[in-house]
**Student:** 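Quick one: the structure is below, and I'll ask about it shortly.
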Amino acid sequence: MTRPKTAFPSRRPAAMLVGALAVALAAASPALAQEASPQASQTQAAKKPNIVIIGTGGTIAGAGASSVNTGDYDSAKVAVEKIIAAVPEMKEVANVKGEQIFQIGSESYNDERMLKLAKRISELVKQPDVDAVMVTHGTDTIEETSYLLNLTLKTDKPVVIIGAMRPGTALSADGPLNLYNAAVVAASPESKGKGVLVVMNDEIHSARDVTKSNALKVETFKSLYGPLGVVVESKPYYYRLPARPHTTATEFDIDQITALPKVDVFYAHTSMDPTILKAITSNGSKALIYGGTGNGSVADYMEEPLKEVRKSGVIVVRATRTGSGQVVRNGEEKDDENDWIVTADQSPQKARLLTSLALTKTQDTKEIEKILYKY
Ligand code: ASP
């Protein structure tokens, strides 16, 4: 059996060292020995959970020219070790260690980068000396990366993703408190088995439901059915649980996935250009998420082009661009007749990831739709 790699100095030698120190002190002074008994002198560090913080860039690693630049700045500039060093309060709740995997704005994530991050987290959570993983991430696509992780990581250990809306150089930068709160959440035994969590603005969100709702405000992350909980004065308080299967309860395992089948999104609006859909039939796409108006509605002049997409072999998934609500099969559209399928309540961008994962398991449209409704 190969010994798993460790990220933190072994706990055992530290405890043994404490024991040896106590024995030496006992010989020197019984009073001192009492203070330094193995239990009493067990170092704080040994009692605290070990958390690896993976840095990926984003505004939490951003820097502006002046403190009043809250929206005008460069993201992905500051190394994760520096971000960690700026929040020494975290040391009170956990032993933290940084690891830089990327230095990018999250708008630049692609499937390869998401898989690389997910696989690294999967390695880390398998290590016995890692109790939780945190990821500093740009806020633009936090909802996508975290949903992928939520669906594919095989762990009960807390995995917490955080970002910031203001760079560290700005007045009222939100990154430091988000980071501290995320550490509080990641260090809490209560956070185990709740799936991948996104902690922003004192709230704990499920990766399944969270979405960025505002381009600038600190209060931007919303969950369709509300956050799972809040962080108040260094304590997480949970009020609800995710109802949909996640992490250990899904059929997707990041360790088995080497690539994600290509899935594209088309955003519906008035006066669409149907010729754009033609590209989908010849660019290697396996499925198209049609982010329709209202209940995933298809304009009369888009029906034929969309039928053509399906006939070319590309799976057509109707979603809604409204941001919430289930898409009703065979409601206003002839899904059975056209062999189109529908999402449940997922946004087009989340449906893209889930459809891609589903395609790693089946090509059957009915089965893919079941998966879309399950998760
Ligand atoms: N564009 C940045 C990103 O997503 C914005 C942010 O982090 O808030 O990386």
Side-chain angles (χ1 to χ4, degrees), residues 53-84 86-87 98-118 120-121 133-150 159-183 185-186 196-205 207-223 227 231 265 267 323 347-350 352-353:
I53 305 182
I54 302 181
T56 74
T59 295
I60 194 164
S66 97
S67 60
V68 292
N69 290 132
T70 53
D72 176 5
Y73 57 87
D74 290 326
S75 80
K77 289 280 164 222
V78 184
V80 70
E81 289 293 0
K82 271 198 164 179
I83 298 171
I84 294 170
V87 190
E99 182 178 311
Q100 194 81 47
I101 189 167
F102 313 120
Q103 192 58 287
I104 57 170
S106 70
E107 59 277 7
S108 301
Y109 269 88
N110 53 19
D111 291 349
E112 290 71 34
R113 284 169 166 163
M114 274 191 287
L115 291 183
K116 184 175 173 183
L117 174 64
R120 180 61 189 139
I121 298 172
V133 173
M134 285 161 56
V135 179
T136 58
H137 195 291
T139 60
D140 288 5
T141 62
I142 248 180
E143 63 199 70
E144 290 174 64
T145 307
S146 58
Y147 191 42
L148 183 82
L149 298 173
N150 194 51
V159 175
V160 182
I161 324 294
I162 62 266
M165 288 301 290
R166 295 175 181 154
T169 46
L171 288 171
S172 289
D174 54 331
L177 186 57
N178 286 343
L179 195 68
Y180 176 74
N181 282 343
V185 170
V196 173
L197 304 169
V198 174
V199 174
M200 294 284 295
N201 202 34
D202 300 347
E203 291 180 338
I204 310 166
H205 293 265
R208 183 196 183 270
D209 297 329
V210 75
T211 193
K212 186 175 182 176
S213 69
N214 185 284
L216 274 178
K217 280 160 69 171
V218 168
E219 189 194 355
T220 177
F221 283 92
K222 304 279 178 207
S223 287
V231 184
V265 175
Y267 192 95
S347 62
Q349 61 269 29
K350 291 202 188 208
R352 187 191 83 81
L353 287 166

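Ligands are counted one by one from 1 in listed order, and the atoms in each one are counted from 1 as well.
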**Student:** Please table the atom pairs, donor to acceptor, closer than 3.5 Å between any side-chain atom in residues 164-176 and protein atoms at least two apart or in another chain.
**Tutor:**
from: Arg166; atom 1: NH1; to: Ser172; atom 2: O; distance (Å): 3.0
from: Thr169; atom 1: OG1; to: Gly64; atom 2: N; distance (Å): 2.7
from: Asp174; atom 1: OD1; to: Met165; atom 2: N; distance (Å): 3.1
from: Asp174; atom 1: OD1; to: Arg166; atom 2: N; distance (Å): 2.9
from: Asp174; atom 1: OD2; to: Met165; atom 2: N; distance (Å): 2.8

**Student:** Hey, is the main chain of Thr220 close enough, under 3.5 Å, to the side chain of Ser213 for a donor-acceptor pair?
**Tutor:** yes

**Student:** Let me confirm one number: the CZ-CD1 distance from Arg120 to Ile101, rounded to the nearest 0.5 Å.
**Tutor:** 7.5 Å

**Student:** Does any N or O in the side chain of Asn150 come within less than 3.5 Å of the main-chain N or O of Val196, such that one atom is a donor and the other an acceptor?
**Tutor:** yes

**Student:** The criterion is side chain to side chain contact (heavy atoms under 4.5 Å, CB included); which residues satisfy it with Glu81, sequence neighbours excluded?
**Tutor:**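 If we apply the side chain to side chain contact (heavy atoms under 4.5 Å, CB included) test to Glu81, skipping adjacent residues, the hits are Ile84.
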
**Student:** For a quick check: using heavy atoms under 4.0 Å, what are the residues in contact with ligand 1, sorted by chain and number?
**Tutor:**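 Answer by chain and number: Gly58, Thr59, Gly105, Ser106, Glu107, Gly138, Thr139, Asp140, Ala164.
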
**Student:** Please list every donor-acceptor pair under 3.5 Å in which a side-chain atom of residues 67-77 meets a protein atom from a residue at least two apart or in another chain.
**Tutor:**
from: Asn69; atom 1: OD1; to: Ala65; atom 2: N; distance (Å): 3.4
from: Asn69; atom 1: OD1; to: Ser66; atom 2: N; distance (Å): 2.9
from: Tyr73; atom 1: OH; to: Thr59; atom 2: OG1; distance (Å): 2.5

